[in-house]
Amino acid sequence: MSQHDRQSFLGSTSEQHLSGLTVGILGLGGGGSHVVQQLAHLGVGGYVIADPDLIDETNLNRLVGGTRADVDTNELRLR
């Protein structure tokens with residue numbers, strides 16, 4: 001059993017197609033970080049990400065993967 005078996009409705013070659021995709025995401029705050037997370041779960045292979053914002057108290061609650069330590073160092077490391 002493969003982790004992608006339940007998306008077989010996308011077609012027998014969907015895993016190969018998704019892994020070959022590169023997706024552009026503008027903004028990781030709010031919905032952007034959730035979109036990237038779900039695309040990764042689907043198996044999308046590449047990303048071009050643009051967001052000039054830094055992580056801080058006002059956006060920590062909206063970022064997947066953001067931690068208090070990231071706020072303290074004023075950087076977000078994507079995990």
Q. Between L63 and S33, what is the shortest heavy-atom contact and its length?
A. CA-OG, 3.6 Å
Q: Considering non-hydrogen atoms only, spot the tightest contact between I55 and D70 and give its length.
A: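 So the minimum-distance heavy-atom pair works out to CG2-O, 3.4 Å.
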Q. Among pairs that include at least one residue of residues 56-66, which meet side chain to side chain donor-acceptor pair (under 3.5 Å), considering only residues two or more places apart or in two chains?
A. D56-T58, E57-R68
Q: Check side-chain contact (heavy atoms from CB on, under 4.5 Å) between Q16 and all other residues, then give those that pass, not counting sequence neighbours.
A: T13
List, one per line, each side-chain donor-acceptor pair under 3.5 Å for residues 22-31, sequence neighbours excluded.
none

For residues 34-41, which side-chain donor-acceptor pairs fall under 3.5 Å, sequence neighbours excluded?
none

